[in-house]
Amino acid sequence: MTYHPKSDFMRVMMTRGFLADCTDYQALDEALVKGIVPAYIGFDATAKSLHVGSLIQIMMLRWLQKTGGKPIVLMGGGTTKVGDPSFRAEERPLLTNAQIDDNIAGIKRAFSPYVQFGDGPNDAIMVNNAEWLDGLNYLEFLRDIGRHFSVNRMLSFESVKSRLDREQSLSFLEFNYMILQAYDFLELNRRYGCLVQMGGSDQWGNIVNGVDLTRRVIDHEVYGLTSPLLTTSDGKKMGKSQSGAVWLNADMYSPYEFWQFWRNTTDADVGRFLKLYTELPLEECERLGGLEGSEINAAKIILANEVTRLLHGDEAAAAAEATAREVFERGGVGDDLPTVRVSAEEIGDGLGVVQLFVRAGLSGSGKDAKRLILEGGAKMNDEIITDPGMRIGAGHLAEPLKLTAGKKRHALVVMD
């Protein structure tokens, strides 16, 4: 791409690898130079926390605010009741209003380290689309909004087409999702002067729908901007670890585990991840990403420290690094490892070691834990476990017991 941006925000997006596509680079860039541009990203409330897969979007909102724009965090209290069909094989389970509200309360906690909320012109705001979706009159909505959508065009979007090509069911409920998302953009422009919708590149069709609808209904010029869908260099989807989702909330995924996730980044991803997930200068990201051999490990520690510091704070990052050094360099157990607490009553005649690996988050299921043991990848106090049927009794827990999965993931079991 030969376009040279004038605005700080577009320059950051382009040089650090955030930008996949934009509806009008030049017009958006000029709007960003002229004044404060409100931009939004939508997050559906399907769990009590976002995970690392959403972190690229959160960083985009952070950079928007740092470069003078106004972030709008749109919580999908309304659209969560429908479910986004984009690149999904099946319909989402439907949640109750109480579950959705509970999830939104949990998700809010992930944003406060990254953006500043408030009433100032540049401060972020959090909005719930249930405000305008819950009270919609269906007939009026069909007449005023539905008439602007071509079913032929909707069927051509890749997210829908891929489901139909695989002959997988796509309910009318889900088919409506893209209309509701487009309507969100229209409402955010009306209510807050929002000029930009941002999202992953799988949202391109939905975003373009919103740009078109806003122009058709109120003749306002708005823009769409997407980020690349991230996979790691070995092809895995960003946001997952061997034990499941890498959540942003500390009560669902400890700061030490979070630090360790980034420390375990593959060599080929270090430079790219430094640009996307930290605020280190570009030249430093490129220098660190270009290190080879054992030197790249120092870059991975910097990556882990910087990303953990942004989310959990300086002390948590320092404690995680100290624990890692204790575990890896001196063979100790560290003070900050994920810990499973068991009572004497619980232990009884012994707890299955497979069960403990699952409870500690070192395996996603009992089946995974058994496979790990049979493949020689499970250790107890640095000794390989060979029997999946092994039971842990009170005698094993006179002192904290260290469980290890693979080479780098550890947890403690402590008897209360």
Side-chain angles (χ1 to χ4, degrees), residues 1-22 25 29 32 41 50-69 71 110 113-115 198-201 225-241 246 248 255 258-314 316-318 320-321 324-325 408:
M1 191 185 301
T2 54
Y3 182 72
H4 298 291
K6 301 170 189 169
S7 67
D8 291 338
F9 179 69
M10 288 294 274
R11 186 164 58 250
V12 168
M13 292 297 99
M14 293 173 83
T15 58
R16 296 188 79 97
F18 285 98
L19 191 56
D21 214 339
C22 181
Y25 293 94
D29 194 32
L32 286 158
I41 300 178
L50 298 176
H51 60 63
V52 160
S54 296
L55 196 51
I56 187 169
Q57 317 295 340
I58 297 172
M59 288 299 292
M60 288 167 80
L61 291 173
R62 180 176 172 84
W63 279 112
L64 177 75
Q65 188 169 52
K66 282 172 70 79
T67 55
Y114 292 98
V115 294
M198 303 189 292
S201 56
L225 184 150
T226 59
S227 61
L229 282 185
L230 272 196
T231 54
T232 55
S233 59
D234 53 5
K236 291 177 184 170
K237 194 173 180 181
M238 192 64 185
K240 301 281 185 181
S241 71
V246 180
L248 301 183
F258 186 77
W259 187 96
Q260 199 62 55
F261 171 79
W262 295 99
R263 169 63 181 82
N264 292 338
T265 296
T266 57
D267 295 2
D269 290 325
V270 173
R272 183 169 57 132
F273 287 1
L274 282 164
K275 289 177 188 176
L276 291 170
Y277 298 112
T278 82
E279 294 173 336
L280 293 176
L282 266 177
E283 302 74 28
E284 181 67 358
C285 295
E286 284 164 2
R287 184 189 74 78
L288 290 168
L291 296 174
E292 294 178 352
S294 60
E295 288 187 331
I296 195 74
N297 289 329
K300 291 180 186 180
I301 289 171
I302 291 170
L303 171 67
N305 282 341
E306 289 295 314
V307 183
T308 306
R309 184 180 61 77
L310 275 176
L311 177 60
H312 295 300
D314 292 337
E321 184 182 1
R325 290 191 187 284
K408 299 177 180 178

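Counting begins at 1 with the first residue of the sequence.
- Thr67 places none of its side-chain heavy atoms less than 4.5 Å from the side chain of Arg11.
- Inter-residue side-chain proximity for Val270 and Trp262 is flagged as unmet; no heavy-atom pair is nearer than 4.5 Å.
- Closest heavy-atom contact between Val115 and Pro71: CG1-CG, 4.3 Å.
- Here the side chains of Tyr277 and Ile56 are in contact, with some heavy-atom distance below 4.5 Å.
- Side-chain contact check for Arg263 versus Asn297: some heavy-atom pair is nearer than 4.5 Å.
- Residue Met60 comes nearest to Phe9 through the heavy atom pair O-CE1, 3.6 Å, listed as atom of the first residue, atom of the second, then distance.
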Show, in sequence, the C-alpha distance, side-chain angles and deciding distance for Ile301 and Arg325, and conclude whether the side chain to side chain contact (heavy atoms under 4.5 Å, CB included) test is met. CA-CA 11 Å; Ile301 289 171; Arg325 290 191 187 284; 4.3 Å; yes

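- We find the CD-CD distance between Glu306 and Glu279 to be 8.5 Å, quoted to the nearest 0.5 Å.
- Each of Asp267, Asn264, Thr265 was evaluated against Lys300; a single residue qualifies, Asp267, per the side chain to side chain donor-acceptor pair (under 3.5 Å) test.
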Given Leu248 and Ile58, is the side chain to side chain contact (heavy atoms under 4.5 Å, CB included) satisfied, shown in steps? CA-CA 11 Å; Leu248 301 183; Ile58 297 172; 3.7 Å; yes

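- Under the 4.5 Å side-chain criterion, counting only non-hydrogen atoms from C-beta, Glu284 is not in contact with Leu274.
- Smallest separation of non-hydrogen atoms from Phe18 and Pro228: O-CD, 3.3 Å.
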Would you check, one step at a time, whether the test side chain to side chain contact (heavy atoms under 4.5 Å, CB included) holds for Leu311 with Leu55? CA-CA 10 Å; Leu311 177 60; Leu55 196 51; over 6 Å; no

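- Summarising the geometry of Ala299 relative to Leu291, their closest heavy-atom pair is CB-CD1, 4.2 Å, with the distance given to 0.1 Å.
- Looking at Arg309, its side chain never comes within 3.5 Å of a backbone N or O of Ala317 through a donor-acceptor pair.
- Atom CH2 of Trp63 and atom CG of Asp8 lie 9.5 Å apart (nearest 0.5 Å).
- Side-chain contact check for Arg272 versus Leu230: some heavy-atom pair is nearer than 4.5 Å.
- Between Pro255 and Thr308, the closest heavy-atom pair is O-CG2, 4.1 Å.
- Rounded to the nearest 0.5 Å, atoms CE (Met10) and NE2 (His4) are 13.0 Å apart.
- Side-chain contact between Gln57 and Leu50: absent, with no pair of heavy atoms (C-beta onward) separated by less than 4.5 Å.
- Under the 3.5 Å distance criterion, the side-chain polar atoms of Asp21 are left unmatched by any main-chain donor or acceptor of Thr226.
- When all heavy atoms of Thr278 and Arg16 are compared, the closest pair comes out as O-NH2, 3.0 Å.
- In this structure the side chain of Tyr25 reaches within 4.5 angstrom of the side chain of Leu19, judged on heavy atoms.
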